[in-house]
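See structure below.
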Amino acid sequence: MKNRIIDTDVLIIGGGTAGCFAGITLGKKKDLDVLIVEKANIVRSGCLAAGVNAINAYITKGRVPQDYVDYCKKDADGIVREDLLLSMSERLNHVTKVMEDLGLVILKDENGDYVARGNRNIKINGENIKPILADAVEKQDNVTVINHLNITDFIVENNEIKGAYGFDVNDAVFYEINAKAVLVATGGAAGLYRPNNPGFSRHKMWYPPFNTGAGYAMGILAGAEMTSFDMRFIALRCKDTIAPTGTIAQGVSAKQINAAGEIYETKYGLTTSERVYGTVRENQLGHGPCYLKTTGITKEQDEDLLKAYLNMAPSQTLKWIESGKSPSEQDVEIQGTEPYIVGGHTASGYWVNTGRETTVKGLYAAGDVAGGCPQKYVTGALAEGKLAALDMVKQFKAGTLKEADIQTETEIKVQEGEILSQYEKFRNEDAPAFSVEELEEAMQKVMDEYAGGIASNYQFNEKQLALADEKILQLQALAEKTAAADMHELMFVYELRERLIVCRSLIAHLKNRKETRWHSFNENMDHPETDEKFYKYVNSKLENGEIRMIFRDIVKEDTYEHTN
Ligand SMILES: Cc1cc2nc3c(=O)[nH]c(=O)nc-3n(C[C@H](O)[C@H](O)[C@H](O)COP(=O)(O)OP(=O)(O)OC[C@H]3O[C@@H](n4cnc5c(N)ncnc54)[C@H](O)[C@@H]3O)c2cc1C
């Protein structure tokens, strides 16, 4: 492989929602060199690739940021960081305005006010939201973008970030990027569990299959503290198309009903996890299939729904058209997806301070990869990108982020050699016992059956988790002997590696929250009740190859700084 070394002030890993907005914010600091590296192409990558049709986190008329904090806190039964939620909520409307000024179409009523959908949500025509963001990044003359560069490892010395290593997914080029500060914005982790649709359609999942938990894995390996992987996210989705249900539930106030037409959502509760749990229970009790009741909506609402899904999940619109029946003529069947780790919906991810710096000095996290701050969605990810960028600028001014003087460091040269030889090992292996795809399938089967996937109605016990851990460890050993015929396949090798690393941490978290705080998201059958002893964050850190659990008290202060 050819070797390319780049020096920059700020490295942003992942040119998605949070990464782009951090780039736009840092674009105003002309004295800083900023580099965004993206494994795909920032014009259409990550969660926003296909567009979205609403801003899910917005402070609507008559409400204040604290209302949003209170809502998120209640939904997560208290296991959130209020300092993070508040600093995010205070910026939701600002980042929305910036997006509108950049060209995002936000629907307005006859008075010129944004059209609200429920209490926290506004409607947009968001099919092109990602190209708009990418275009704004492009205009910043101190920000460079490298597409098709897959980052696999951080450069860390004495718990201080120095940059990252990666490779080009098309050409045989190894990258060493030296930076004074790094923002990890690689999104959450999909594909850990066996998905709803098998075989050819297995990547028809809710979360982007390309967000494979790289950021989590790199952080875990570098010894960064992670939080709340035990708060998995399971999305309630339209059956088969896996299209979001919020558009129907909030857009036309559709209720969840069972096969007999009974409304069951009020029986189980209305939090995000309870809506999934109710659907699972009704099916277990033989009352399925479950639906969102759309029959009887008006012709105008029919039209609105067909159009709304074109902005985000066109397959749902096609399904209605193909069946020859509009939503007003048939209810929409719903189901839970496989579990994901995604800090933009639940609270899993890096343990950060209020400025979004992780426990590794100079390493920041924003968006779905950052923990403690659930329900951030698009605007929350944008806000966190901005908050992280502003904190970096503050630290640059104060002189606490320093030159990455690593060229002479022998320890780092050894690390570089090891990473490069790992890449080469996979490229040179010509008789692998198993392909990446076979190992991925095996991993998903293990997680599905023993770590609370769809097969076990999201439930697990400690014996099953122990088996899951044992088998994931075996798969990690086998994954070391797989092969890559080209650079694109090398990316698949690393995606598998990332997922396996995340799986192990996830299992440890599930095992250590010895209670059931959120039905379905963490349904521990050995401890089926909530236990106030666990009114804590369950955190973890990899130390000498072992996952060490850390139980932290709930943060009550307005700001939080790492102290231990
Ligand atoms: C299908 C779907 C619909 C949604 N609908 C809405 C909605 O209507 N309204 C709303 O408010 N929110 C919605 N959300 C949530 C919202 O889109 C996300 O929370 C938010 O966009 C996450 O931003 P992010 O920057 O963390 O991740 P992303 O925007 O996904 O960015 C992560 C980026 O990192 C890149 N990357 C990953 N690994 C690497 C690596 N190793 N090296 C380099 N680059 C890497 C990825 O390619 C990607 O570009 C939706 C999410 C999904 C999945």
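Whatever order the structure lists them in is the order used to number ligands and atoms, beginning at 1.
- Near Ala185, meaning under 4.0 Å from any of its heavy atoms, are these atoms of ligand 1: 31 (O), 32 (C), 33 (C), 34 (O).
- In terms of protein heavy atoms, atom 35 (C) of ligand 1 is closest to Glu38 OE1, 3.2 Å.
- Of the N or O atoms in Pro244, none lie within a sub-3.5 Å distance of an N or O in ligand 1.
- Atom numbering of ligand 1 starts at 1 in the shown order; those under 4.0 Å from a heavy atom of Leu149 are 42 (N), 43 (C).
- Side-chain polar atoms of Thr379 and Arg91 form no donor-acceptor pair below 3.5 angstrom.
- For atom 15 (C) of ligand 1, the nearest non-hydrogen atom of the protein is His345 CE1, 3.8 Å.
- Ranking the protein heavy atoms by distance from atom 23 (O) of ligand 1 puts Thr17 OG1, 3.1 Å first.
- Of the candidates Phe210, Tyr340, Trp206, Tyr494, it is Trp206 that places a heavy atom closest to atom 51 (C) of ligand 1.
- Between Tyr377 and His345, the distance separating the two ring centers is shorter than 6.0 angstrom.
- With respect to atom 37 (C) of ligand 1, the closest heavy atom belonging to the protein is Thr186 O, 3.5 Å.
- The N/O atoms of Asn56, backbone and side chain alike, include one that comes under 3.5 Å of an N/O atom in ligand 1.
- When only interatomic distances are considered, the shortest N/O to N/O separation between Ile151 and ligand 1 falls below 3.5 Å.
- Between the side chains of Asp33 and Thr8, no donor N or O sits under 3.5 Å from an acceptor N or O.
- Applying the salt bridge (Lys or Arg N to Asp or Glu O under 4.0 Å) definition to pairs two or more places apart or across chains, none involves residues 204-223.
- Residues Glu176 and Arg4 are not in side-chain contact: their nearest non-hydrogen atoms beyond the backbone lie 4.5 Å or more apart.
- Within ligand 1, the atoms closer than 4.0 Å to a non-hydrogen atom of Ala381 are 23 (O), numbered from 1 in the order shown.
- Comparing heavy-atom distances from atom 30 (O) of ligand 1 across Cys47, Ala40, Pro208, Gly187 singles out Cys47 as nearest.
- At least one cation-pi condition fails for Arg120 and Tyr58: the charged atom is not both under 6.0 angstrom from the six-membered ring centre and inside a 45 degree cone around its axis.
- Between the side chains of Asn522 and Asp230, no donor N or O sits under 3.5 Å from an acceptor N or O.
- Taking every heavy atom of Asp368 and a limit of under 4.0 angstrom, the matching atoms of ligand 1 come to 18 (C), 19 (O), 22 (C), 26 (O).
- Nearest to atom 5 (N) of ligand 1 among the protein's heavy atoms is Val52 CG1, 3.2 Å.
- Note on Lys425 versus Glu480: salt bridge recorded, some NZ/NE/NH1/NH2 to OD/OE distance being below 4.0 Å.
- For Tyr423 and Tyr494, the gap between ring centers is short of 6.0 Å.
- Ranking protein heavy atoms by distance to atom 31 (O) of ligand 1, first place goes to Gly16 CA, 3.2 Å.
- The pair Asp153-Arg497 meets the salt-bridge criterion, with a side-chain N (NZ, NE, NH1 or NH2) lying under 4.0 Å from an Asp/Glu carboxylate O.
- Below 3.5 Å of separation, one finds an N or O of Asn150 facing an N or O of ligand 1.
- Short contacts between ligand 1 and Ala54, defined as distances under 4.0 Å to a heavy atom of the residue, involve ligand atoms 7 (C), 8 (O), 9 (N), 10 (C), 11 (O).
- The side-chain hydrogen bond (donor to acceptor under 3.5 Å, both in side chains) contacts involving residues 217-227 comprise Glu225-Asn539, Glu225-Arg552, Thr227-Asn539, where partners must be two or more places apart or lie in separate chains.
- Within the cation-pi definition used here (under 6.0 Å to the ring centroid, within 45° of the axis), Arg232 does not qualify as a partner of Trp518.
- At the shortest separation from atom 36 (N) of ligand 1 among protein heavy atoms lies Lys39 CD, 3.7 Å.
- Of all atoms in ligand 1, listed by their number and element, those nearer than 4.0 Å to a heavy atom of Asn211 are 30 (O), 46 (C), 48 (C).
- If you number the atoms of ligand 1 from 1 as listed, the ones under 4.0 Å from a heavy atom of Ser45 come out as 49 (O).
- In summary, the atoms of ligand 1 found under 4.0 Å from a heavy atom of Ala18, numbered by their order in the structure, are 25 (O).
- Evaluated for a side chain to side chain contact (heavy atoms under 4.5 Å, CB included) with Tyr165, the options Phe174, Tyr175, Phe154 yield exactly one hit, Phe174.
- Ligand 1 lies nowhere less than 4.0 angstrom from a heavy atom belonging to Lys376.
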